[in-house]
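Contents: one structure, followed by commentary.
Order of listing sets the numbers, starting from 1, for every ligand and every atom in it. For reference, positions follow the sequence shown, starting with 1.
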Amino acid sequence: MNLQIEQGDITTYAVDAIVNAANTTLLGGGGVDGAIHRAAGPQLLTECRALHGCRTGQAKLTKGYRLPAKYVIHTPGPIWQGGTAEEEELLASCYRCCLQLAEEKKCRTVAFPSISTGVYHFPLECAAKIAVREIAAFLQTAACVQKVTMVCFDGRTKAAYDNALAEQ
Ligand code: AR6
């Protein structure tokens with residue numbers, strides 16, 4: 001299977017592109033966003049400033065600087081508001097937009113964190129189903145992207161993505 005679920009720290013992945021669960025300012029924050037900016041170094045923030053933000057559900061690409069990954073694809077996921085604010089469609093859009101950008105930049109390997117399931121409180125099982133569905137569908141038509149890894153920070157997150165993949 002060209003979609004793999006692993007437990008780990010996404011900042012250590014030597015892939016063509018890692019995805020950052022950002023916010024709409026693209027100016028950094030906590031969680032995986034903070035970890036990526038710390039590991040990439042200050043040039044990442046300089047490049048992000050020039051992007052003037054990003055809409056929820058869309059994505060923008062920068063270089064990876066001191067990261068082992070060549071690129072960082074920044075996507076602001078939806079903040080969970082009970083499910084009535086198009087959160088599910090916006091989360092699906094995050095995965096699609098990131099993969100489309102990776103494809104345009106001729107990336108072969110991409111690693112995602114679990115977008116929106118930390119500070120943004122998107123229900124984990126539902127987020128995992130959406131992520132697996134969108135990644136699997138994209139891989140069926142992709143020309144360049146060959147391998148996608150879901151990098152889960154903790155065991156609970158990994159179990160949710162393992163279940164979603166098994167049910168796919
Ligand atoms: N590698 C992989 N996953 C990680 C790492 C890491 N190094 N660190 C944390 N995670 P969150 P969100 C996991 O809160 O919910 C930021 O402040 C984490 O355990 O980082 O999309 C942004 O600036 C969780 O499973 O992102 C935004 O303001 C997952 O990454 C806001 O948080 C996502 O958790 C975005 O919230």
Element-labelled atoms of ligand 1 that are located less than 4.0 Å from some non-hydrogen atom of Asp9: 1 (N), 6 (C), 7 (N)

More than 12 heavy atoms from other groups under 6.0 Å of CD on Glu104: yes

Pair Ser114, Tyr161: side-chain N/O donor-acceptor within cut-off below 3.5 Å: yes

Lys/Arg N to Asp/Glu carboxylate O, Asp154 vs Lys158, below 4.0 Å: no

Closest protein heavy atom to atom 15 (O) of ligand 1, given as residue, atom name and distance to 0.1 Å: Gly118 N, 2.8 Å

Nitrogen or oxygen of Gly30 less than 3.5 angstrom from that of ligand 1: yes

Check: Cys152 N/O within less than 3.5 Å of ligand 1 N/O: no

Protein heavy-atom partner closest to atom 13 (C) of ligand 1 - residue, atom, separation in Å: Phe153 CB, 3.8 Å

Gly77 touching ligand 1 at heavy-atom level, < 4.0 angstrom: no

Exam field: side chain Thr11 to backbone Ile36, donor-acceptor pair closer than 3.5 Å: no

Atom indices of ligand 1, in the order listed, that fall short of 4.0 Å to a heavy atom of Gly29: 17 (O), 23 (O)

Nearest-contact summary for atom 30 (O) of ligand 1 - protein heavy atom, Å: Val32 CB, 4.0 Å

Proximal atoms of ligand 1 relative to Ala21 (non-hydrogen, under 4.0 Å): 21 (O), 22 (C), 26 (O), 35 (C)

Heteroatom proximity flag, His121 to ligand 1, N/O under 3.5 Å: no

Nearest option to atom 36 (O) of ligand 1, as decided by whichever heavy atom of Phe112, Tyr120, Trp80 sits closest: Tyr120

CA sep, side-chain torsions, deciding dist, call: His74, Leu61, side-chain contact (heavy atoms from CB on, under 4.5 Å): CA-CA 6 Å; His74 307 263; Leu61 180 140; over 6 Å; no

Ligand 1 to Ser116 polar contact by distance, N or O atoms, under 3.5 Å: yes

Which atom of Gln168 lies closest to which atom of Ala136, heavy atoms considered: NE2-CB, 3.8 Å

Min N/O separation Thr11 to ligand 1 under 3.5 Å: no

Nearest neighbour in protein (non-hydrogen) for atom 29 (C) of ligand 1: Ser114 O, 3.3 Å

Whether Glu87 side chain and Gln81 backbone form a donor-acceptor pair below 3.5 Å: yes

Contact check: Ala22 vs ligand 1, nitrogen or oxygen atoms, below 3.5 angstrom: no

Nearest-contact summary for atom 1 (N) of ligand 1 - protein heavy atom, Å: Ile10 N, 3.0 Å

Ligand-side contact atoms (ligand 1) for residue partner Asp33, heavy atom cut-off under 4.0 Å: 22 (C), 23 (O)

Cationic N near anionic O, under 4.0 Å, Lys129 to Glu88: no

Distance-only N or O hit between ligand 1 and Gly31, under 3.5 Å: no

Leu99-Val151 co-clustered via ILVMFWY side chain contacts under 4.5 Å: no

Expected output: side-chain Thr75 to main-chain Ala59 donor-acceptor under 3.5 Å: no

Heavy-atom nearest neighbour in the protein, as seen from atom 14 (O) of ligand 1, with distance rounded to 0.1 Å: Val119 N, 2.9 Å

Distance-only side-chain donor-acceptor flag, Asp9 / Thr12, under 3.5 Å: no

Per-atom contacts, ligand 1 versus Thr117 - under 4.0 Å to a heavy atom: 15 (O), 25 (O)

Glu86 atom CD: more than 12 heavy-atom contacts under 6.0 Å: no

